[in-house]
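Data block below; observations after.
All residue numbers in this chain count up from 1 along the given sequence. This one's a predicted model, so the numbers in the text were calculated from it and none came from an experiment.
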Amino acid sequence: MRRVPPEMFRFTTGERADLYGAVLDAFGVAGEHLETALGLDDVRERLRAVGWPAAVEHEELHEALKKLVFWGLLDVVHNHAENFRTAEEYERRNLQYSLTRRGEAALAGVRHALEVLASTGALQTAVLEAIADRLDELCLLSGEPASADRRIFSTLRELEGHLEALVENTKAFNGELQRLLRAEGADLDVFREVKAATVAYLQEFLVNLDRRGQAVAAAVARVEEQGIFLLRERALRGAELPPVAGEDPAPGWLESRRARWAGLRAWFLPEEGARARIEQLHDIARRAIVSLLQVLERINESRRRSSSAVQDFRELARWFAAAPGEDDLHRLWSAAFGLGPARHAHLAHSDPELIPSALPWSQAPPVEVSALLRTSGRTERFTRTAKVRDIAAVKAERAERARAERAELALAWRDLATDGPVRLSSFGELDPGVFERLLDLLGRALSARPDATGLRCATTGDGRVEIALSPPPDDRTAVLRTVKGALAGPDYVVRITAAGGTDMFPAPRTSARQEVAG
């Protein structure tokens with residue numbers, strides 16, 4: 001990292017830091033209106049525009065401008081194009097101030113720092129979809145003539161912007177997540193709600209993350225097959241870089257694009273032997289879910305208990321400190337920890353007469369001690385082994401029940417399966433069990449986020465059946481009937497198939513389901 005000039009951010013400290021910052025902000029706002037030079041009166045007017053609360057004296061503003069010029073953040077020139085009628089007007093309008101390159105960088109750095117302090121990271125699956133869309137668009141544009149160079153440039157810049165947003169948001173969210181895992185001392189109710197919401201957020205993000213990551217990796221491979229070097233050359237022509245004095249800006253621009261593309265590959269399609277960063281993000285999110293759930297379990301456990309172990313030991317320490325004598329200390333110790341004499345001291349050898357009573361313990365042969373003594377205080381008692389119960393009938397009954405449930409489930413999916421998009425009203429009258437399966441699928445689809453076309457996709461809990469739901473093209477109402485009643489609602493367009501295109505149930509019956517939105 002290059003060394004930052006020592007005077008570059010001097011304006012952010014000191015007694016007049018607020019005024020210096022407001023003056024630079026005023027020049028930044030003027031630059032957004034394509035005003036590159038401001039006089040003294042213009043600066044005062046711009047200060048009011050950026051919300052400076054008090055009026056600035058002439059000398060105070062002049063000193064602030066001189067200080068910013070001294071630090072190299074502003075440049076001052078004489079205005080020779082004006083005609084001045086009085087000496088006072090000459091003094092007020094002669095000097096023109098403008099931001100230097102260092103001043104623009106300092107203002108941008110402060111604004112970015114404030115933006116980072118105020119922002120929170122996010123894991124956005126929409127960014128992954130946008131990256132895949134831009135890559136597919138580059139594949140299509142690579143086959144078009146030279147007239148598409150400008151579109152290639154704009155698409156490539158959009159792709160880099162989405163990648164930068166993904167990286168920055170991921171870094172910020174991971175930092176916030178790690179700080180959340182280490183947070184202590186907060187209100188338990190608020191703390192519990194935040195962590196529970198974070199777990200739900202991470203679980204929603206992880207849904208289909210692998211599929212989205214693989215889609216982006218495949219799109220990167222397709223673009224590279226078209227020739228990424230030639231694509232960058234065409235983007236350079238579409239960029240229409242302005243001529244500058246000194247070195248040619250084209251090599252630096254191409255090197256920047258190459259570095260951005262290498263970052264994209266590192267995230268989704270790394271070199272052989274390396275691991276994609278999107279997979280690392282997947283592992284981090286899963287570990288965070290486990291850690292957060294463990295913390296939530298400890299919080300819930302502490303809320304269920306009347307007191308914590310720490311409080312118990314502190315109270316016990318107070319009792320020890322207040323004990324009147326040593327005998328009381330021993331009784332308190334015995335009552336608190338339940339430690340007593342050895343339970344095996346009463347055991348004897350199988351033939352005690354062979355062992356003299358005066359023989360020391362260290363020289364006597366060992367006595368077998370039951371393992372139950374430590375846990376239950378009783379020795380082992382050997383009795384006749386109980387008769388083993390025959391569970392063949394129970395196993396057969398359970399197997400038969402499981403087969404019946406699988407058959408019922410397969411029949412329900414067969415009744416709901418479609419050979420394409422159909423209107424919801426085409427299902428007509430349904431068996432109550434099939435109706436419950438359909439309601440579950442519709443609920444999962446409606447809770448999913450729609451894509452750019454409004455399509456909502458979801459799968460069952462076991463991932464075997466997939467539903468695609470589109471908004472109704474008109475105001476028609478669908479009525480689904482069962483023996484228990486009827487349900488009316490919007491006449492959505494649905495498509496129910498086996499997930500992944502597998503043939504998990506027989507071909508659907510389509511005679512009554514041919515009406516599809518146009």
Can you give me the closest heavy-atom contact between [X] and [Y], atom names plus distance?
X: Leu455; Y: Ser470; result: CD1-OG, 3.2 Å
X: Ala445; Y: Leu469; result: CB-CB, 4.0 Å
X: Pro490; Y: Leu424; result: O-CD2, 3.8 Å
X: Thr418; Y: Arg495; result: OG1-CA, 3.6 Å
X: Gly263; Y: Leu163; result: C-CD2, 4.2 Å
X: Thr100; Y: Gly72; result: OG1-O, 2.6 Å

Show me the side-chain donor-acceptor pairs of residues 429-438 shorter than 3.5 Å, one per line, residues at least two apart or across chains.
| residue | atom | partner | partner atom | Å |
| --- | --- | --- | --- | --- |
| Asp431 | OD2 | Gly433 | N | 3.1 |

[X] [atom1] to [Y] [atom2] distance, which is reported to the nearest 0.5 Å:
X: Phe268; Y: Arg277; atom1: CZ; atom2: CZ; value: 10.5 Å
X: Leu264; Y: Leu269; atom1: CG; atom2: CG; value: 8.5 Å
X: Phe320; Y: Asp328; atom1: CZ; atom2: CG; value: 11.0 Å
X: His162; Y: Asp133; atom1: NE2; atom2: CG; value: 8.5 Å
X: Arg211; Y: Leu128; atom1: CZ; atom2: CG; value: 10.5 Å
X: Leu332; Y: Asp327; atom1: CG; atom2: CG; value: 12.5 Å

Would you mind reporting whether [Y] and [X] have side-chain heavy atoms less than 4.5 Å apart?
X: Val167; Y: Trp267; result: yes
X: Pro472; Y: Val493; result: no
X: Val479; Y: Leu487; result: no
X: Glu466; Y: Ile496; result: no
X: Trp333; Y: Leu316; result: no
X: Phe427; Y: Leu416; result: yes

Atom [atom1] of [X]: over 12 foreign heavy atoms under 6.0 Å:
X: Arg275; atom1: CZ; result: yes
X: Glu315; atom1: CD; result: yes
X: Leu359; atom1: CG; result: yes

Trace of the side-chain contact (heavy atoms from CB on, under 4.5 Å) decision for Val494 with Leu442: CA-CA 9 Å; Val494 299; Leu442 292 176; 4.2 Å; yes
Quick one: does any side-chain atom of Ser447 pair with a main-chain N or O of Gly443 as donor and acceptor, under 3.5 Å?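 Yes, the answer is positive, given that a donor and an acceptor are paired below the 3.5 Å cut-off.
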Sub-3.5 Å donor-acceptor pair from the side chain of Arg456 to the main-chain atoms of Leu446, do we have one? yes
Test side-chain contact (heavy atoms from CB on, under 4.5 Å) on Glu400 and Glu405; report intermediate values, then the result. CA-CA 9 Å; Glu400 181 63 27; Glu405 290 177 355; over 6 Å; no
Set out, in order, the CA-CA distance, both residues' side-chain angles and the distance that settles side-chain contact (heavy atoms from CB on, under 4.5 Å) for Val216 and Glu129, then state yes or no. CA-CA 8 Å; Val216 174; Glu129 296 175 355; over 6 Å; no
Is it true that the side chains of Glu160 and Trp261 contain a donor and an acceptor less than 3.5 Å apart? no
